[in-house]
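Read through the structure below, which is laid out as structure tokens, and then see the notes.
A note on names: the letters A, B, ... follow the listed sequences, proteins ahead of strands, and every chain is numbered from 1. What you see below is based on every heavy atom in this structure, not just the backbone, and it leaves out hydrogens, waters and symmetry mates.
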There are 2 protein chains.
Amino acid sequence: MHLSKKTEYALRALIYASRFPEGTTFQIRDLAEKNGIPKKFLELILLELKKAGILSSRRGVGGGYLLARRPDTIRTGEIIEVFEGSMNAGDGKKVPGRQGAREPSPAVARVVAEASRAAAAVLSRWTLADLVREEDEAAERRRMNVMYFI
Amino acid sequence: MHLSKKTEYALRALIYASRFPEGTTFQIRDLAEKNGIPKKFLELILLELKKAGILSSRRGVGGGYLLARRPDTIRTGEIIEVFEGSMNAGDGKKVPGRQGAREPSPAVARVVAEASRAAAAVLSRWTLADLVREEDEAAERRRMNVMYFI
DNA sequence: CATATATCCTATCTAATTAATAGGGTATAA
DNA sequence: TTATACCCTATTAATTAGATAGGATATATG
């Protein structure tokens with residue numbers, strides 16, 4: 001499964017957002033600088049996350065973004081769907097198609113749908129809170145490894 | 001999960017190939033015409049499937065392509081991997097990356113890897129023989145529906 | 001109320017990837 | 001020796017992803 005840069009940036013942004021105390025905002029500029037993400041590109045991404053009801057925002061001086069809900073209620077699959085479209089079948093926009101082109105085989109469609117559902121099931125088991133915890137544990141493991149080698 | 005045109009064409013081609021008696025060949029031209037696939041494009045695809053050990057071929061007059069193995073030994077995942085690359089993590093070619101860019105979060109990597117494995121498991125359960133059977137059953141269902149409406 | 005701040009919005013540009021063509025080369029049966 | 005059908009490399013066209021650009025709008029604060 002391949003994630004686009006948009007999705008990757010979105011996930012990093014939301015992990016970042018999760019580290020702020022509930023109700024306090026962060027600024028795009030800081031997030032962009034600290035994570036090496038192009039600021040203007042990040043604006044578009046956060047805006048989409050807002051429209052999806054995952055982030056909310058306050059404009060003007062002292063404003064910024066913040067999570068719209070608690071991290072343990074935001075599923076990873078929900079985030080990915082915003083940028084990659086539904087993992088499940090039948091989400092595609094119908095294009096006219098070239099002359100002579102046939103419909104994709106129903107058998108293929110079914111297998112793909114089943115595989116997508118299997119992946120979606122995993123992605124909906126993991127919440128943003130799990131990602132943060134996992135990230136902290138990975139950092140801790142790295143720290144222990146460094147100590148081991150000294 | 002999105003399939004590229006190449007993968008779609010490859011799957012259609014292999015379902016088509018499965019319908020010929022073992023050991024008999026079919027021609028690119030016929031396959032292309034009957035399925036509305038650009039012939040020259042299809043050549044490239046069949047060639048890749050041959051290199052992957054899924055098809056074999058005979059050149060010259062009376063030649064053509066045929067399955068290299070029996071349909072019930074060819075897994076759907078194997079076919080898809082030829083064109084989409086491994087479903088599992090760590091298959092990407094490392095690109096230098098822009099200044100300031102960070103590594104993708106280990107937490108994200110892990111979730112994606114788990115989701116990919118779940119999808120790959122489904123795709124490796126289904127064989128080409130299953131696809132053909134499923135397609136035939138779908139056709140039969142359509143036929144019954146038509147009768148019902150008469 | 002002026003100003004600085006920070007989000008909001010739409011359009012455009014560029015690079016990369018995918019899809020498709022093109023034009024012969026090579027093996028083989030008849 | 002000829003017609004057939006796969007084999008191979010290169011090029012072009014179309015689409016999508018990634019990134020920039022330039023301002024519009026809302027708001028806290030002096």
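- In this entry the distance linking CD1 of A:I28 with P of C:dC8 reads 7 Å, nearest Å.
- In the region residues 51-67 of chain A, proximity to DNA chain D at under 4.0 angstrom, judged on heavy atoms, holds for A:R59, A:G60, A:V61.
- Atom CD of residue B:Q27 and atom NZ of residue B:K39 lie 11.0 Å apart, to the nearest 0.5 angstrom.
- With sequence neighbours excluded, no residue satisfies side chain to side chain donor-acceptor pair (under 3.5 Å) with A:R29.
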Taking distance alone, no hydrogens or angles, what donor-acceptor pairs closer than 3.5 Å link side-chain atoms of residues 51-68 of chain A to residues at least two apart or in another chain?
from: A:S57; atom 1: OG; to: A:K50; atom 2: NZ; distance (Å): 2.9
from: A:R58; atom 1: NH2; to: A:G23; atom 2: O; distance (Å): 3.0

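- Residue B:E43 places a side-chain atom within donor-acceptor reach of the base of D:dC7, judged by atom type and a 3.5 Å distance cut-off alone.
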I'd like a table of atom pairs between the protein and nucleotides 13-15 of chain C - only N or O on both sides, under 3.5 Å - with the distance next to each one.
none

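- Legend: residues meeting salt bridge (charged side-chain N to carboxylate O under 4.0 Å, His left out) with A:D136, ordered by chain and number and at least two apart, are A:R19.
- Across the protein-nucleic acid pair, A:H2 atom NE2 and D:dT16 atom P stand 15 Å apart, rounded to whole Å.
- Of the candidate nucleotides C:dA19, D:dG18, D:dC7, D:dC7 has the atom lying nearest to any side-chain atom of B:L47.
- Classification of A:R69 and A:E78 as a salt-bridged pair holds, one side-chain N sitting under 4.0 Å from a carboxylate O.
- With rounding to whole Å, A:F26 atom CZ is found 12 Å from C:dT7 atom C1'.
- Stem analysis of DNA chain C (Watson-Crick or G-U pairs, both distances under 3.5 Å, runs of at least three) returns C:1-30 with D:1-30.
- Dashed line: the shortest gap from a side-chain N or O of B:Y9 to OP1 or OP2 of C:dA19 is not under 4.0 Å.
- The nearest pair of heavy atoms linking B:P21 to B:T24 is O-OG1, 2.8 Å.
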List the atom pairs, with distances to 0.1 Å, where a side-chain N or O of residues 119-131 of chain A and a protein N or O form a donor-acceptor pair under 3.5 Å, not counting sequence neighbours.
from: A:S124; atom 1: OG; to: A:A121; atom 2: O; distance (Å): 3.4
from: A:T127; atom 1: OG1; to: A:A129; atom 2: N; distance (Å): 3.3
from: A:T127; atom 1: OG1; to: A:D130; atom 2: N; distance (Å): 3.3
from: A:T127; atom 1: OG1; to: A:D130; atom 2: OD2; distance (Å): 3.3
from: A:D130; atom 1: OD1; to: A:R133; atom 2: NH1; distance (Å): 3.2
from: A:D130; atom 1: OD1; to: A:R133; atom 2: NH2; distance (Å): 3.3
from: A:D130; atom 1: OD2; to: A:T127; atom 2: N; distance (Å): 2.9

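- Closest to the side chain of B:L44, out of C:dT7, D:dC6, D:dT9, is D:dT9.
- Atoms NZ (B:K39) and P (C:dT21) sit 12 Å apart, rounded to a whole Å.
- Partners of A:R110 by side chain to side chain donor-acceptor pair (under 3.5 Å), not counting sequence neighbours, listed by chain and number: A:E114, B:E134.
- Checking the phosphate oxygens (OP1, OP2) of D:dC7, a side-chain nitrogen or oxygen of B:K50 falls inside 4.0 Å.
- Taking atom CD1 on A:I37 and atom P on D:dT20, their separation rounds to 12 Å, with Å as the unit.
- Legend: residues meeting ring-ring contact (aromatic ring centres under 6.0 Å, His included) with A:F41, ordered by chain and number and at least two apart, are A:Y9.
- Separating the CD1 atom of B:I45 from the C1' atom of D:dC7 is a distance of 15 Å, rounded to the nearest angstrom.
- Atom CD in A:E8 sits roughly 14 Å away from atom P in D:dA17 (whole-Å rounding).
- Closest to the side chain of B:K40, from the set D:dT20, C:dA22, D:dA19, is C:dA22.
- Take B:E140 and apply the salt bridge (charged side-chain N to carboxylate O under 4.0 Å, His left out) test, not counting sequence neighbours, and it matches B:R143.
- B:F83 is linked by a ring-ring contact (aromatic ring centres under 6.0 Å, His included) to nothing, counting only residues two or more places apart in sequence or in another chain.
- Residues that satisfy the salt bridge (charged side-chain N to carboxylate O under 4.0 Å, His left out) test with A:E48, not counting sequence neighbours, are A:K6.
- For A:E48 and D:dA19, the CD to C1' distance is 14 Å, given to the nearest whole Å.
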